[in-house]
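Being a predicted model, the structure only gives us computed values, none of them experimental.
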Amino acid sequence: MTSAADGAAGRAVTAAAIGDLPGADLVARGIQALRRGETTIEALLVSVGAPRLRAAGLDIPPAPPLPHAPEISLYLAIGADHPRDAHSRYNALIRRLVSFERALERRVRAEASGR
């Protein structure tokens, strides 16, 4: 069984190649924020997905030092802005991230197989 990491080995995925994927707007903003050393909600979301995103070929900058795991830091950041619906907002963002990851992995596999 091969993974997206196998198909992306040694090959970086460009921002132009992901622009039409669901959730690409969040991921692109998160990557830019990480490059600036910021801990925005988008940056924290990308930090949550960083291992899978890197395995698929995206260049994800390291997150600034966080007091908690990225998932907890993300939840706390959302809760600071939206205390009444932090749980539903967190879940919605995670769903968008997972949708993006799956679409990216499909694209990487398709490109690796020559489709």
**Item:** Where Gly19 and Ala24 come nearest, the two heavy atoms and their spacing
**Value:** O-CB, 3.8 Å
**Request:** Only one of Ile78, Leu34, Leu93, Leu66 passes side chain to side chain contact (heavy atoms under 4.5 Å, CB included) with Leu44; say which it is.
**Result:** Leu66
**Prompt:** Which of these passes side chain to side chain contact (heavy atoms under 4.5 Å, CB included) with Val46: Val27, Ile41, Leu26, Leu58?
**Reply:** Val27
**Item:** Closest heavy-atom pair and its distance - Arg107, Asp20
**Value:** NH1-OD1, 2.8 Å
**Message:** side-chain contact (heavy atoms from CB on, under 4.5 Å), that's the test. Do Ile94 and Leu45 meet it? Break it down for me.
**Reply:** CA-CA 7 Å; Ile94 294 297; Leu45 182 66; 4.0 Å; yes
**Item:** Minimum heavy-atom distance Ala56-Glu105, with the two atoms named
**Value:** CB-CG, 4.4 Å
**Request:** State, to 0.1 Å, how close Gly23 and Arg96 come at their nearest heavy-atom pair, and which atoms those are.
**Result:** CA-NH2, 3.9 Å
**Item:** Heavy-atom closest contact (Ala86 atom, Gly79 atom, distance)
**Value:** CB-CA, 3.6 Å
**Flag, side chain of Ser99 to backbone of Arg95, donor-acceptor distance under 3.5 Å** = no
**Message:** For Tyr75 and His68: C-alpha separation, side-chain torsions, deciding distance, then whether side-chain contact (heavy atoms from CB on, under 4.5 Å) applies.
**Reply:** CA-CA 10 Å; Tyr75 188 85; His68 306 285; over 6 Å; no
**Minimal non-hydrogen separation, Arg52 against Val98, with atom names** = NH1-CG1, 4.5 Å
**Message:** Tell me if a side-chain donor or acceptor on Arg54 pairs with a main-chain N or O of Ile60 at a distance below 3.5 Å.
**Reply:** yes
**Request:** Give, for atom CG of Leu97 and atom CG of Leu74, the distance between the pair rounded to the nearest 0.5 Å.
**Result:** 9.5 Å
**Prompt:** Is it the case that more than 12 heavy atoms not belonging to His82 sit under 6.0 Å from its NE2 atom?
**Reply:** yes
**Request:** To the nearest 0.5 angstrom, please state how far the CG atom of Leu104 sits from the CZ atom of Arg109.
**Result:** 9.5 Å
**Message:** Go through it in stages, so that I can follow the logic: the residues are Thr40 and Arg29, the test is side-chain contact (heavy atoms from CB on, under 4.5 Å), and I'd like the CA-CA distance, side-chain angles, deciding distance and then a yes or no.
**Reply:** CA-CA 9 Å; Thr40 63; Arg29 286 195 309 265; over 6 Å; no
